[in-house]
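Every chain is numbered from 1, with letters handed out A, B, ... down the list of sequences.
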Amino acid sequence: MTSARENIPRRAQHRLAHRAEPDILLGGERLRIIDPLMVRGAQNIGIAEKNAHLWALPTLSVPAGEFDLVRTLESGQCFRWWRWARDAYWGIVGSSVLVIRQSRNDLRVSVCGGAPPADIATFINRYFDLSRDYRAILRHLRRDEVFARLAPRRAGLHILRQDPFEVIISFIISANNHIPRIRSIIERICRVYGAPIDTPFGRAYSFPSPESLAEARLSDLRVKCGLGYRDVYVKRTARAIADHLALAEWATWPTPVLRRRLLQLDGVGEKVADCILLFGFHRLEAFPIDTWIRRAMKELYFADRSPSLGQIRALAIERFGPYAGVAQQYLFATYRTTDERNGKRSPSE
DNA sequence: ATCCAGGTCCGAA
DNA sequence: TTCGGACATGGA
């Protein structure tokens, strides 16, 4: 049996041993997975060493326009990116491990592990949706005065094009969970069911395939991965997709049809379906209504009276139309960061 | 230690 | 259709 620590650099192991932040992992190892490569918080240990590796990687430059890397990666639509030192992020996309930094209007991209995409520039362009005119979208949204009052002038927050299956499973896990824990659970299922990807910084894991999750033991999902009662949702949905569902074909369906189909998946309700539409199928009109958005819309448009889901959705379509999902991301970002500044009011009030 | 989280499901009115 | 309660777990 291989120890989970084997793949972690020695100095990180030392740091790990002194963290005293327990989590459950394989084979009795205890490790809290916040950052699989342990590069976050690198101010203590090994930063010079890591940076030396980092700087040695070949780097590709991609024009970024008004795109804002940090705003986009911190917007809650993805779960597998981590901040690296100050200005860089590393993340796992498909079977590649990427490091990305932004300086003004260009992105510097390094592949530090896994199978690099055939054409990295095209890949990055697509993943970050760099060709779309988000300035124009924001201008369109700002025609609503209420939205214009709180939205930033600068665009920059893009909707990523992520893998549909990864998004489906990730947002099933998101239900009745908070973001740090969602990330932690996702890392554990990747570690148990994903494919290893070696990098100069340690070993990362890809997101598991539908087949491997379909064959998971429920008790492993529940206990090792910490899924709780969502174990059956994940397993059944993975099983359905592995057996007879062609997500590539779903991508060609009209949004209302696709939405109805998503709602039939185990663990997928209205909110999660809309997240999948927006983040997994790039349907920019989808408007996921979570506790934050509900509160934002209530304050902004309903004078603090409690509107029904239907009322909120109708208003979102009316005000934001085909770009409701982009508006949703700005509302989410604004309200969540406001809340952090104000020190955690309960979102339900 | 205690609360509660990017909700969903299920059964009852 | 709408409403309310249960629900596993662990992060803060």
To the nearest angstrom, the CD1-P distance between A:Ile182 and B:dG6 comes to 6 Å
P atoms of B:dA1 and C:dA8, separation to the nearest Å = 23 Å
Considering residues at least two apart in sequence or located in another chain, which fulfil the ring-ring contact (aromatic ring centres under 6.0 Å, His included) criterion with A:Tyr193?
-> none
Electrostatic pair A:Asp243-A:Arg239, nearest N-O below 4.0 angstrom | yes
Test of ring centre spacing under 6.0 Å for A:His158 and A:Phe67 | yes
Check if the side chain of A:Arg230 and the base of C:dA8 share a donor-acceptor pair of N or O atoms closer than 3.5 Å.
-> yes
Check every atom of C:dA8, B:dG6, B:dT8 against the side chain of A:Ile293 and return the nucleotide holding the closest atom.
-> B:dG6
Considering only heavy side-chain atoms of A:Ala175, the closest of B:dA5, B:dG7, C:dG10 is B:dG7
Side-chain N or O of A:Ser184 less than 4.0 angstrom from OP1 or OP2 on C:dG11?
-> yes
In whole Å, what separates the P atom of B:dG6 from that of C:dC3?
-> 24 Å
Spacing of the P atoms in C:dA6 and B:dC3 (rounded, Å) | 15 Å
Sugar-phosphate only, base, or nothing, as touched by A:Gly76 at under 4.0 Å among non-hydrogen atoms | base
Side-chain N or O of A:Ser308 less than 4.0 angstrom from OP1 or OP2 on C:dT2?
-> no
Side-chain atoms of A:Asp290 come closest, of C:dC7, B:dG6, C:dG11, to B:dG6
Taking the six-membered ring where the residue is Trp, are the ring centres of A:Tyr301 and A:Phe147 under 6.0 Å apart?
-> no
Among the candidates B:dA5, C:dT9, B:dG7, find the nucleotide nearest to the side-chain atoms of A:His178.
-> B:dA5
Carboxylate-amine/guanidinium contact A:Glu299 A:Arg295, below 4.0 Å | yes
Nearest-angstrom distance from the residue atom CD of A:Gln328 to C1' of B:dG6 | 9 Å
Check each residue of residues 232-244 of chain A for a non-hydrogen atom within less than 4.0 Å of any atom in DNA chain C, then write out the ones that pass by number, or none.
-> none
How do A:Cys275 and A:Val268 order along DNA chain B: which one's closest nucleotide is nearer the 5' end?
-> A:Cys275
Could you tell me whether A:Ser170 contacts a base, only the sugar-phosphate backbone, or nothing, with contacts defined as non-hydrogen atoms closer than 4.0 Å?
-> nothing
May I have the distance from A:Asn176 (atom CG) to C:dG11 (atom P), rounded to whole angstrom?
-> 15 Å
Take the protein atom CG of A:Leu309 and the nucleotide atom C1' of B:dT8, then report the distance between them rounded to whole Å.
-> 12 Å
Given atom CZ of A:Phe79 and atom C1' of B:dG6, what is their separation to the nearest angstrom?
-> 7 Å
Can you sort out the partners of A:Arg259 under salt bridge (charged side-chain N to carboxylate O under 4.0 Å, His left out), two or more places apart, ordered by chain and number?
-> A:Glu270, A:Asp274
Working to the nearest 0.5 Å, report the span between CZ of A:Arg143 and CZ of A:Arg319.
-> 12.5 Å
